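Each remark here refers to the structure printed beneath this line.
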Amino acid sequence: MTLRVTLIQGGGLGLDQVPAVQRILTAAGVPIEWEEHLAGLASLERGGEALPRAMLDSVRANGLALKTKLLMPHTPPPRTEGASAARLGNFNVQFRHQLGLFASVRPLKNLAGLPARFQGVDMLVIRELTEDLYAAIEHEIVPGVVQSLKVVTEACCKRFFHFALDWARNHGRKSVCCVHKANILKLADGLFLEAFRTAARAYPELQAREIIVDNCCMQMVSRPQQFDVLVMGNLYGDLVSDLGAGIVGGVSATAGINVGEGVRVYESFHGGSRESVGVDRANPLPLLLPAIDLVEEVGLIDPARRMLAAVEKVLTAGKVLTPDLGGTATTSQMAAALIASL
Amino acid sequence: MRAVVEAAGAHLTWIEALAGLDAADRYGDPLPPATLEMIRRYRVALKGPCTTPIGKGFRSINVRLRKELDLYASVRPVRTLPGVQVPFDHVDLVVVRENTEGLYAGMEHVVVPGVVESLRLITQPACDRIVRFAFELARQQGRRRVTFCHKADVLPLSDGLFLAQARAVADDYPFLEFEEMHVDTLCMQLALDPTRYDVLVMENLFGDVLSDLCAGLVGGLGLVPGANIGSKFAVFEAVHGSAPDLAGKGLANPIALIRSAALMLVHIGQRDSAERIEKAVARTLERGVGLTRDLGGKGTTATLTEQLIANLPR
């Protein structure tokens with residue numbers, strides 16, 4: 001059986017990560033037929049749109065995609081006008097919006113051989129993706145006075161918690177903790193928390209917990225091992241999932257799975273311009289890890305395990321690593337080492 | 001706390017005022033007008049922890065205090081302490097948080113049942129004064145760099161305004177480094193290497209989360225002091241919860257409150273006493289005698305206080 005998966009190239013480091021990851025998956029015997037599409041900066045540079053329709057249609061048709069971070073054009077914003085930096089909007093946020101991706105799952109787990117401040121971490125951060133402040137409903141009332149709206153609706157909360165609790169149960173998790181700030185945002189986070197409590201009653205096999213977001217962040221840097229599954233709104237999820245990545249050793253250990261109706265996008269959250277590190281210098285792991293998750297999720301357990309074992313072997317050996325991991329290897333060399341370790 | 005502060009040689013007259021659940025029981029208001037009036041008269045206050053119930057009940061006393069007294073800057077100095085076992089070393093940073101706007105202005109409403117909106121307010125004057133405050137703090141404390149943290153890529157108007165204002169203020173301080181970072185990136189970087197940060201400045205919600213995150217880097221809220229500062233008034237506070245289960249048992253760790261008192265002493269010009277208190281705290285933690293349970297010891301508030309006084313420099 002050959003899988004059809006959309007592969008989205010967003011430019012910058014992705015240009016080096018994509019061929020490396022494709023080689024590794026082929027070597028591991030994963031039968032995937034890639035439908036490659038450009039998006040973000042990579043597409044703009046070829047005269048295309050940031051989010052080409054053909055790319056979005058391909059994701060919808062295949063239901064599965066692997067995506068690098070979509071880079072923004074790199075003209076720096078003028079110093080006098082901060083807002084202009086984002087007039088174009090964030091392509092990655094627009095991408096989620098276009099595909100109706102409503103939840104993001106971020107697995108956070110230590111990798112053998114990757115230095116980290118904490119060991120024994122194995123948690124999921126599941127984040128709502130459509131509402132909250134990041135819906136970016138904003139207006140300027142008078143010059144110098146701006147309001148943004150944080151929106152929380154019962155309907156979105158219900159859909160989100162149903163998904164998150166299902167995911168937790170299907171992945172053999174034991175406890176789910178809702179992260180909130182209902183002590184201050186009594187209505188908005190109050191609604192979110194109440195929806196969690198209601199939804200959790202239908203999952204008696206999962207222990208339902210609650211924690212205030214500031215305390216959650218403090219616990220994350222003191223005893224992160226206590227957490228199993230964390231569920232939260234869009235903004236807190238942005239902060240906590242990146243904080244969690246830092247705890248297990250940074251971008252090399254992170255992957256994101258963004259989910260909509262009938263669509264799953266496996267994403268790299270780390271990208272950047274090639275100029276910052278040089279051509280063929282990108283660390284392939286930020287894209288390889290979501291690829292491994294994708295392979296595992298479609299039931300190809302054995303190749304997924306072999307690839308993960310190869311990652312840990314190469315990290316532990318510490319010989320063929322890209323510069324951001326403290327080595328001197330190129331992306332291609334590190335990919336070759338990963339293949340040799342399969 | 002009072003015993004340690006007095007033994008450190010501070011010249012203070014304490015005037016006690018009630019706030020929190022006790023005040024609510026006695027006066028029907030967790031922040032009685034008499035308490036506010038006293039702070040207005042004496043300008044400076046030290047506040048113990050107060051609990052705010054989740055999802056209902058009265059509005060947070062802390063939020064009300066900040067609003068009533070226009071305490072626009074929250075300051076959380078975070079420094080690695082000797083003898084405290086944490087996976088991070090050499091942390092020495094200050095989180096400066098805007099205290100009056102953002103989502104915490106308390107403007108929320110139900111649009112239709114099941115749909116709630118909260119307003120996040122950002123104004124140019126508030127952005128200006130908080131960033132200026134951070135730069136002034138950096139200058140006075142001999143710090144090198146101010147990192148402004150935001151999410152302008154997703155919130156182009158509100159955080160765009162804040163960012164533009166931060167850049168404008170930074171232009172007035174060319175002798176200090178200025179750096180901009182996305183808040184999510186900063187969270188990751190703090191977990192990877194917090195030592196490279198110096199002064200962090202940001203809006204209310206980000207600041208709430210980041211100041212507790214940073215407290216976690218050095219051992220938690222039981223150890224770090226806090227201050228809320230405005231142009232007229234200043235309220236210093238231990239930011240940890242009120243731990244009702246410990247109350248009255250003599251087991252509470254007083255260090256956060258004592259260090260908050262030390263910050264207050266610096267604020268009113270009694271720097272010598274403040275430094276003696278900080279030295280006593282460092283020595284006590286290093287020696288590890290008489291510590292309370294939250295610090296891994298078997299002691300009580302009394303034994304810890306005794307040690308702190310004994311460890312004051314002569």
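Small disclaimer: the values here were computed from a predicted structure and weren't measured. Each chain gets a letter, A, B and so on, in the order its sequence line appears, and its residues count up from 1.
Side-chain N or O atoms of A:Gln147 include none that pairs as donor or acceptor with a backbone N or O of B:Ile122 at under 3.5 Å. Between the side chain of B:Glu108 and the main chain of A:Lys186, a donor-acceptor pair closer than 3.5 Å is present.
Per-residue counts of heavy-atom pairs under 4.5 Å with chain B were compared for A:Ser148, A:Cys217, A:Ala155; the largest is that of A:Ser148. Here B:Gly216 is the residue among B:Gly220, B:Cys127, B:Gly219, B:Gly216 with the most heavy-atom pairs under 4.5 Å with chain A. Ranked by heavy-atom pairs under 4.5 Å with chain B, the first of A:Lys150, A:Glu138, A:Arg223 is A:Glu138. Contacts with chain B were tallied for A:Val248, A:Thr153, A:Leu187; A:Leu187 has the most, counting heavy-atom pairs under 4.5 Å. Between chain B and the residues A:Met220, A:Glu140, A:Lys181, the most heavy-atom pairs under 4.5 angstrom are made by A:Lys181. Each of B:Val209, B:Asp208, B:Val115, B:Leu210 has some count of heavy-atom pairs under 4.5 Å with chain A, and the biggest count is that of B:Asp208.
Contacts of B:Leu190 with chain A are absent, with no heavy-atom separation under 4.5 Å from either backbone or side chain. With a 4.5 angstrom heavy-atom cutoff, B:Val86 does not touch chain A via any of its atoms. With a 4.5 angstrom heavy-atom cutoff, A:Phe192 does not touch chain B via any of its atoms. In this structure, chain A has heavy atoms under 4.5 Å from both the backbone and the side chain of B:Phe88.
Residues A:Gly249 and B:Leu192 approach most closely at C-CD2, 3.7 Å, considering heavy atoms. Annotation for B:Pro87 and A:Arg117: closest pair O-NH1, 2.9 Å, computed over non-hydrogen atoms. Between A:Gly144 and B:Pro125, the shortest heavy-atom contact is O-CD, 4.3 Å.
No more than 12 heavy-atom neighbours from other residues, nucleotides or ligands sit within 6.0 angstrom of CZ on B:Arg293.
Contact annotation: the side chain of B:Val154 approaches that of A:Val93 to within less than 4.5 Å [non-hydrogen atoms, C-beta and beyond]. Residues B:Leu119 and A:Leu149 form a side-chain contact, since some pair of their non-hydrogen atoms from C-beta on lies under 4.5 Å apart. Inter-residue side-chain proximity for A:Leu133 and B:Arg120 is flagged as met; some heavy-atom pair is nearer than 4.5 Å. With contacts defined as side-chain heavy-atom distances shorter than 4.5 Å, the pair B:Leu213/A:Met218 does not qualify.
For A:Leu191, the side-chain contact (heavy atoms from CB on, under 4.5 Å) partners two or more places apart in sequence, or in a different chain, are A:Val152, A:Glu154, B:Val116. With sequence neighbours excluded, the residues that form a ring-ring contact (aromatic ring centres under 6.0 Å, His included) with B:Tyr173 are B:Phe135, B:Phe175. Checked against ring-ring contact (aromatic ring centres under 6.0 Å, His included), B:His182 has the following partners two or more places apart in sequence or in another chain: B:His150.
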Worked verdict on A:Asn215 versus B:Asp212 for side-chain contact (heavy atoms from CB on, under 4.5 Å): CA-CA 7 Å; A:Asn215 186 26; B:Asp212 282 9; 5.6 Å; no

Residue pair A:Leu235, B:Leu205: steps toward the side-chain contact (heavy atoms from CB on, under 4.5 Å) verdict: CA-CA 10 Å; A:Leu235 187 151; B:Leu205 188 149; 3.5 Å; yes

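To the nearest 0.5 Å, atoms CZ (A:Phe269) and OG1 (B:Thr185) are separated by 12.0 Å.
For residues 237-247 of chain A, a heavy-atom distance under 4.5 Å to chain B picks out A:Asp238, A:Leu239, A:Asp242, A:Leu243, A:Ala245, A:Gly246, A:Ile247, given by residue number.
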